[in-house]
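Below: the structure, in structure tokens.
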2 protein chains.
Amino acid sequence: MDTELIKGTLSLLILSLLKRRAMYGYELATTVRQETNGAFEWKAGSLYPSLHKLEKDGLVRAQWQGKPEGRQRKYYHMTQTGEAVLAEKIESWSIISQAVNQVLEKPNE
Amino acid sequence: MDTELIKGTLSLLILSLLKRRAMYGYELATTVRQETNGAFEWKAGSLYPSLHKLEKDGLVRAQWQGKPEGRQRKYYHMTQTGEAVLAEKIESWSIISQAVNQVLEKPNE
DNA sequence: GATATTATATAGCTATTCTATATATAGAGA
DNA sequence: TCTCTATATATAGAATAGCTATATAATATC
């Protein structure tokens with residue numbers, strides 16, 4: 001598996017998942033692993049720094065789970081800015097993936 | 001345009017183009033720009049180092065244009081190893097792009 | 001003669017992701 | 001009770017790809 005191709009899809013997919021509903025980091029990782037049949041295995045060392053950057057850039061908003069006792073989860077919510085950036089990223093993905101397929105599918109000369 | 005998503009596609013597309021026929025660097029850049037309607041604008045600073053790496057890894061073989069006088073072009077030819085790696089990369093691209101689309105297309109909950 | 005295009009090359013920078021490590025709770029099994 | 005695994009988040013440091021900037025030189029165009 002050429003994981004180099006996965007680069008750049010991390011923030012796209014995080015935002016896409018959070019548009020459905022708020023999720024916490026670990027939940028994002030398990031959800032994407034399930035939905036992609038294991039093609040995407042997000043590591044904690046990739047996921048959490050990426051979430052922190054999205055928060056810093058104002059694309060998501062973080063909120064620790066209400067109850068103070070027990071294990072804490074940090075839920076990430078989509079912001080308006082995040083939705084706008086997601087729309088751009090989806091458009092970019094569409095253009096790029098189509099462009100790649102166009103080159104790959106052209107027959108030999 | 002979120003160029004981050006382009007990362008990883010460079011070597012995939014170079015190999016795909018060279019499978020058709022041998023080309024020189026500048027020709028690869030103009031060909032991909034045309035075929036993708038400008039979506040991919042490979043910069044010299046990305047393209048040439050990438051070609052050198054592919055050569056170092058034995059995926060392509062470089063050959064300066066025969067005639068010694070005038071402007072020189074370095075033609076890149078596909079190797080057997082390159083063809084095998086290309087096949088793997090195409091398979092990876094297929095899995096990854098399908099996985100991304102699967103997540104993007106799932107409706108909200 | 002001046003400018004734009006063709007053609008290749010590399011040093012250094014930036015940004016993303018990965019590896020490794022750390023901390024702590026919860027649950028299952030021996 | 002003890003141990004192991006899974007859950008849950010965090011960060012430092014390393015690796016690496018692609019970009020910017022710069023350099024060189026031939027050819028074509030005005």
Side-chain angles (χ1 to χ4, degrees), chain A residues 1-15 22-34 39-57 59-60 62-76 85 89 92-93 96 100, chain B residues 1-15 22-34 39-57 59-60 62-76 85 89 92-93 96 100:
Chain A
M1 185 70 154
D2 187 348
T3 54
E4 201 55 43
L5 289 161
I6 291 177
K7 290 194 179 177
T9 64
L10 182 58
S11 57
L12 166 67
L13 293 184
I14 289 174
L15 291 174
M23 294 192 201
Y24 55 96
Y26 197 88
E27 186 185 13
L28 286 163
T30 52
T31 303
V32 88
R33 190 181 62 233
Q34 280 168 23
F40 288 66
E41 295 268 7
W42 290 344
K43 304 299 154 73
S46 311
L47 176 59
Y48 293 110
S50 182
L51 284 169
H52 298 158
K53 183 168 188 304
L54 291 174
E55 188 185 8
K56 181 173 146 278
D57 294 345
L59 310 190
V60 301
Q63 195 173 23
W64 284 101
Q65 192 184 35
K67 58 172 184 175
E69 84 287 352
R71 187 164 47 203
Q72 295 290 293
R73 290 168 172 171
K74 195 190 265 186
Y75 278 85
Y76 287 91
V85 170
K89 280 178 180 286
S92 292
W93 167 254
I96 289 167
V100 170
Chain B
M1 185 71 156
D2 187 348
T3 55
E4 200 55 43
L5 290 160
I6 292 178
K7 290 195 178 178
T9 62
L10 182 58
S11 58
L12 166 67
L13 293 184
I14 289 173
L15 291 174
M23 294 192 201
Y24 55 97
Y26 197 88
E27 186 184 15
L28 286 162
T30 54
T31 303
V32 88
R33 190 180 63 234
Q34 280 168 21
F40 288 66
E41 294 268 7
W42 289 345
K43 303 300 154 74
S46 310
L47 177 59
Y48 293 110
S50 182
L51 284 168
H52 299 158
K53 183 167 187 305
L54 292 173
E55 187 186 9
K56 180 173 146 279
D57 294 344
L59 310 189
V60 301
Q63 195 172 23
W64 284 101
Q65 192 185 37
K67 58 173 184 176
E69 83 287 350
R71 186 165 47 203
Q72 294 291 293
R73 290 169 173 171
K74 194 190 265 187
Y75 277 85
Y76 287 90
V85 171
K89 279 177 181 284
S92 292
W93 166 254
I96 289 166
V100 170

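Throughout, a chain's letter reflects where its sequence line sits, starting with A, and its residues are numbered from 1. As the structure is a prediction and not an experimental result, all values here were calculated from the model.
- As rounded to whole Å, 12 Å separates atom C1' of dA8(D) from atom CG of Leu28(A).
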Contact state string [nucleotides 6-12 of chain C, B base, S sugar-phosphate only, - no protein heavy atom under 4.0 Å]:
BSBBB--
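- The CG atom of Asp57(B) sits 13 Å away from the C1' atom of dA17(D) (whole-angstrom rounding).
- For the pair Ile14(A) CD1 and dT16(C) P, the computed distance is 12 Å after rounding to whole Å.
- Not a single side chain to side chain donor-acceptor pair (under 3.5 Å) links Lys74(A) to another residue, sequence neighbours left out.
- In this structure, Gln65(A) places its CD atom 16 Å from P of dT7(D), rounding to the nearest Å.
- To the nearest angstrom, C1' of dT16(C) lies 15 Å from CG of Leu5(A).
- In this structure, Trp42(B) atom CH2 and dT20(D) atom P are separated by 16 Å, rounded to whole Å.
- With sequence neighbours left out, Tyr75(A) forms a ring pair (Phe, Tyr, Trp, His ring centres under 6.0 Å) with Tyr24(A).
- Taking each heavy atom of Leu54(B) and Ser11(B) in turn, the nearest pair found is CD2-CB, 4.2 Å.
- Regarding Lys56(A), its NZ atom lies at a distance of 11 Å from the C1' atom of dA15(C), rounded to whole Å.
- Residue Leu10(A) is classed as a sugar-phosphate contact, given heavy-atom separations below 4.0 Å to backbone atoms only.
- Annotation: ring pair (Phe, Tyr, Trp, His ring centres under 6.0 Å) contacts of Tyr48(A) (sequence neighbours excluded): none.
- Residues satisfying the ring pair (Phe, Tyr, Trp, His ring centres under 6.0 Å) test with Trp93(A), not counting sequence neighbours, are Trp93(B).
- Rounded to an integer number of Å, the gap from CD1 of Ile6(A) to C1' of dA17(D) is 15 Å.
- Under the salt bridge (Lys or Arg N to Asp or Glu O under 4.0 Å) criterion, Glu27(B) pairs with Arg21(B), sequence neighbours left out.
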